[in-house]
Amino acid sequence: MPRIVSARVIVTCPGRNFVTLRIECDDGTTGVGDATLNGRELSVASYLADHVVPLLIGRDAHRIEDIWQYLYRGAYWRRGPVTMTAIAAVDMALWDIKGKVAGLPVYQLLGGASREGVMVYGHANGATIDDTIEAALDYQRQGYKAIRLQCGVPGMASTYGVSKDRYFYEPADADLPSENVWSTSKYLRVVPELFERAREALGWDVHLLHDIHHRLTPIEAGRLGKDLEPYRPFWLEDATPAENQEAFRLIRQHTTAPLAVGEIFNSIWDAKELIENQLIDYIRATVVHAGGITHLRRIAALADLYQVRTGCHGATDLSPVCMAAALHFDLSVPNFGIQEYMRHTAETDAVFPHAYTFSDGMMHPGDAPGLGVDIDEELAKGYEYRRAYLPVNRLEDGTLWNW
Ligand SMILES: O=C(O)[C@@H](O)[C@@H](O)[C@H](O)[C@H](O)CO
Ligand SMILES: [Mg+2]
């Protein structure tokens with residue numbers, strides 16, 4: 001069995017920061033894991049290098065579950081985005097190693113394919129409704145079966161999800177947090193018109209999604225859900241901050257619009273009540289921030305009991321290593337819903353060569369042994385870490401709000 005002899009953390013910034021863990025075994029097999037936490041990258045890099053790597057040396061790389069439990073219970077200080085992202089990186093790397101030693105793609109180790117391909121959604125956005133619909137028509141022409149719609153709000157200089165570049169979206173845009181101004185009332189007036197016009201332009205055979213990005217109160221989310229029901233949204237995402245899982249009951253009482261939440265969740269405990277009470281329809285937790293493939297399978301298994309489906313986060317601040325791992329998970333998990341797919345830049349793809357493919361709105365992880373992704377460490381060296389923060393949001397009166 002492959003014994004771990006070394007592990008190293010690689011921080012690189014091909015246009016944005018990524019943190020990657022590489023584990024090496026005595027038989028020469030290596031595995032990689034994504035450890036990127038947008039805006040707090042170095043905290044995970046240190047957690048891994050200073051506190052986790054020393055614990056891995058000498059261990060049997062096949063003992064994924066035991067190592068997971070050792071890092072989770074053995075830390076004493078459980079859960080949280082830094083800890084669970086570090087554990088996720090180790091977990092991904094060990095699944096990569098196991099697949100390489102077995103000569104099988106990871107999805108085959110997870111029970112094999114449950115579907116022919118993984119449906120993904122693209123990100124149409126624009127400063128105006130017209131621009132957004134133009135972008136959505138472009139995604140439809142590219143074959144996307146699902147498209148997220150995010151548009152600017154008249155009277156607001158910026159809002160979540162609207163980027164200067166039509167295809168690439170990177171919110172961590174400054175050395176110190178940029179400050180955005182938010183108006184719920186202005187926003188609530190725009191989105192229903194966006195969806196009405198989008199259905200007119202795109203028809204009914206395409207799934208349309210929207211990310212509220214934690215900005216509404218439950219009753220406001222209920223109102224927006226009701227306003228959008230005639231346009232059949234595939235989901236409303238992060239409708240309200242989810243620390244109080246019970247808050248989603250209030251939204252449920254007012255709308256049948258499907259609800260998705262969880263991209264900032266880092267363990268099953270963040271979602272337990274939401275799932276068991278069927279307060280949501282899709283769970284967004286993903287491999288890199290929710291403890292890896294091992295823990296995400298537990299979340300999905302609980303969700304399956306309550307007809308909640310997966311909808312893994314897949315923004316550009318999750319590296320191609322996470323995308324590859326998520327696609328292996330997506331291909332196999334029985335209660336798959338949809339996978340977010342924000343294309344990385346060519347610069348990033350060059351640093352992270354991968355086997356996964358996109359075609360006609362669907363993706364596939366490929367059949368390379370392991371995860372089918374790597375990091376070109378020579379190329380990675382050329383991109384120095386550059387501190388970058390996610391923005392903060394304030395209401396028009398200056399109150400600090402949810403970004
Ligand atoms: O659904 C999404 O993709 C967003 O919520 C993300 O873009 C999110 O804002 C970033 O991942 C934050 O780093
Ligand atoms: Mg989101």
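One-based numbering, in listed order, for ligands and for the atoms of each. Heads up: numbering here begins at 1 and tracks the sequence.
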Between ligand 1 and N38, is the shortest N or O to N or O distance under 3.5 Å? yes

In D211, the N, O or S atom nearest to the Mg ion (ligand 2) is which? OD2

Ring centres under 6.0 Å, that's the criterion: do F234 and Y282 meet it? yes

Looking at M342, which atoms of ligand 1 are within less than 4.0 Å of one of its heavy atoms? 3 (O), 7 (O)

Look at the side chain of R8 and the backbone N and O of T20, then say whether any donor-acceptor pair between them is shorter than 3.5 Å. no

Judging by distance only, is a nitrogen or oxygen of D317 under 3.5 angstrom from one on ligand 1? yes

If you define the side chain from C-beta out and look only at heavy atoms, does anything of R78 sit under 4.5 Å from T83? no

Is the distance from the Mg ion (ligand 2) to the nearest N/O/S atom of E340 under 2.8 Å? no

Compute the shortest N/O to N/O distance between E340 and ligand 1 and return yes if it is under 3.5 Å, no if not. yes

Hey, is H214 touching ligand 1 through its side chain, its backbone, both or neither, going by heavy atoms under 4.0 Å? neither

Per-atom filter on ligand 1: closer than 4.0 angstrom to a heavy atom of D211 are 1 (O), 2 (C), 4 (C), 5 (O)

Quick one: report the N, O or S atom of E237 that is nearest to the Mg ion (ligand 2). OE2

For residues H354 and F352, establish whether the separation of their ring centroids is below 6.0 Å. no

Starting from the Mg ion (ligand 2), look over the N/O/S atoms of E263 and name the nearest one. OE1

Is there any N or O on W403 that sits under 3.5 Å from an N or O of ligand 1? no

Polar proximity ligand 1 side, E263 side, N/O cut 3.5 Å exclusive: yes

Under a 4.0 Å heavy-atom limit, does L390 contact ligand 1 with its side chain, its backbone, both, or neither? side chain

